[in-house]
Amino acid sequence: MIGVYDSGAGGLSVWKELVAMMPDEDYIYVGDNAWCPYGEKPVEIIIERAEAITLFLNGKGADIIVIACNTATAAAISHLRRKYSQIQFVGIEPAIKPAALESRTGVVGVLATANTLKAEKYHRTLNRFASGVKVIERVGEGLVEAVESGRDARKALLRCITPMIEEGADAIVLGCTHYPFLSEQIKAISGPAVRIIDPAPAVALRTKSILEMMPPSPRKDKSSGKSVFFTTGTYDSVKRLSLKIKPDLPENSWKGFERI
Ligand code: DGL
C-alpha cells in the first residue's frame, strides 16, 4: 500500500503519475483540506500535520509514503525520516536541476509557495544546481485556491508568469503539486517555446525503485490496483480532480471526511 498526501487535491498530480507507472499497486490518498493551503502556515503546524497524516497512513497499511507536496517536503521530510525510520518517505521538490541544465537563455522561472521558496532545502538545491543561471521566483498567489475551487486562474497566472517571460525564461519549474492542473493555462500564457517542468514523473520513478528494494511486507495482501481517498475537510476538490484523472474510479473510492 502506497500512502500519498498533500494539503489538498494537488498531490493527485503525483498520484496520476504513480498509477500510470505502477497500476497494480494499492494507493491511499489524504487531502489535508481542513489545513489547506500550507503555503504560508507556520512550519511547526506543517510538521504536526505531517506526523498526524503519517501515523494515519501507516495505520492503514502504508509503509511507503509519498509526500506529494513541495511545501510539506521542505518543512517535514527530514524530521519524518528521523522519527519514523521504519517508514520509507519519498518527497518532491522544485526541479531546478533539469531546468538549469537545459536552459538556453540562462533564465528559469520557479513558481512555488512562499514556504517552499523560503525553505533551507530549496536554497541548498539552488546553490547546488542554479549557480550558472538567473532564477526568477514567484509565489503562486491564489493558485492553490483556484485549483481547489475550480475557479479561473488566468489573472493570477498572468501576474506570476509574465515577469518570467519578460526576463527571458525558457523553462518554468512547477514547484507546487497543485500547479500541473494549470499547465494548459500556463502554456497558453508562456507560449510553446517555454518548457513547463513538473517533477511528478521523476517522483513516481523514485517511488518505484524504492518499492523494488523494499522487503515484502508481512501484512501485504495481494494488491489489486485500487485507490482510496480521504480528506480532512471538504471533499469536492479531491473527488472532482481524481475523477478528472481517472473517470472510471468506483463510487466507493472516496472514503469521506476523516478527523486526522
Ligand atoms: N501542493 C502543495 C505544494 O506542493 C501545497 C500547496 C499549499 O497548500 O499551499 O507545495
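When a ligand or atom number is given, it counts from 1 through the structure's own listing order. Computed from a prediction, not measured in an experiment: that's the story for all the values here.
- With hydrogens left out, the protein atom closest to atom 7 (C) of ligand 1 is Tyr38 N, 3.3 Å, a heavy atom.
- The distance from ligand 1 to the heavy atoms of Asp6 drops below 4.0 Å at these ligand atoms: 1 (N), 2 (C), 5 (C).
- The environment of Lys97 atom NZ is sparse: at most 12 non-hydrogen atoms of other residues, nucleotides or ligands sit within 6.0 angstrom.
- Every N/O-N/O distance between Pro37 and ligand 1 stays at or above 3.5 Å.
- Ligand-side atoms of ligand 1 in range of Cys176: 1 (N), 2 (C), 3 (C), 4 (O), 6 (C), 10 (O), range being under 4.0 angstrom from any heavy atom.
- Considering only non-hydrogen atoms, atom 6 (C) of ligand 1 lies nearest to Val144 out of Val147, Ile67, Val144.
- Backbone and side-chain nitrogen or oxygen atoms of Asn70 are examined, and one is located within less than 3.5 angstrom of a nitrogen or oxygen of ligand 1.
- Summarising the local packing, CZ of Arg154 is surrounded by 12 or fewer heavy atoms from other residues, nucleotides or ligands at distances under 6.0 Å.
- Which parts of ligand 1 touch Thr71 is read off a 4.0 Å heavy-atom cut-off, strictly below it: atoms 3 (C), 5 (C), 10 (O).
- By the criterion of a heavy-atom distance under 4.0 Å, both the backbone and the side chain of Cys69 are placed next to ligand 1.
- Between Phe56 and Phe230, the distance from one ring center to the other falls under 6.0 angstrom.
- Gln88 and Asp63 share no donor-acceptor pair across their side chains, judged by distance under 3.5 Å alone.
- Under 3.5 Å, the side chains of Thr116 and Asn70 contain no donor-acceptor pair of N or O atoms.
- Closest to atom 9 (O) of ligand 1 among all protein heavy atoms lies Gly39 N, 2.8 Å.
- Of the listed residues (Ile67, Asp198, Val14, Val4), just one forms a side-chain contact (heavy atoms from CB on, under 4.5 Å) with Val203, and that residue is Val14.
- The 12-atom threshold is exceeded at CZ of Arg195, counting heavy atoms of other residues, nucleotides or ligands nearer than 6.0 Å.
- For Thr113, every heavy-atom contact with ligand 1 shorter than 4.0 Å involves the side chain, none the backbone.
- Listed by atom number, the atoms of ligand 1 under 4.0 Å from Ser7 heavy atoms are 5 (C), 6 (C), 7 (C), 8 (O).
- Between Glu167 and Lys134 there is a salt bridge, since at least one side-chain N of the basic residue sits less than 4.0 Å from a carboxylate O of the acidic one.
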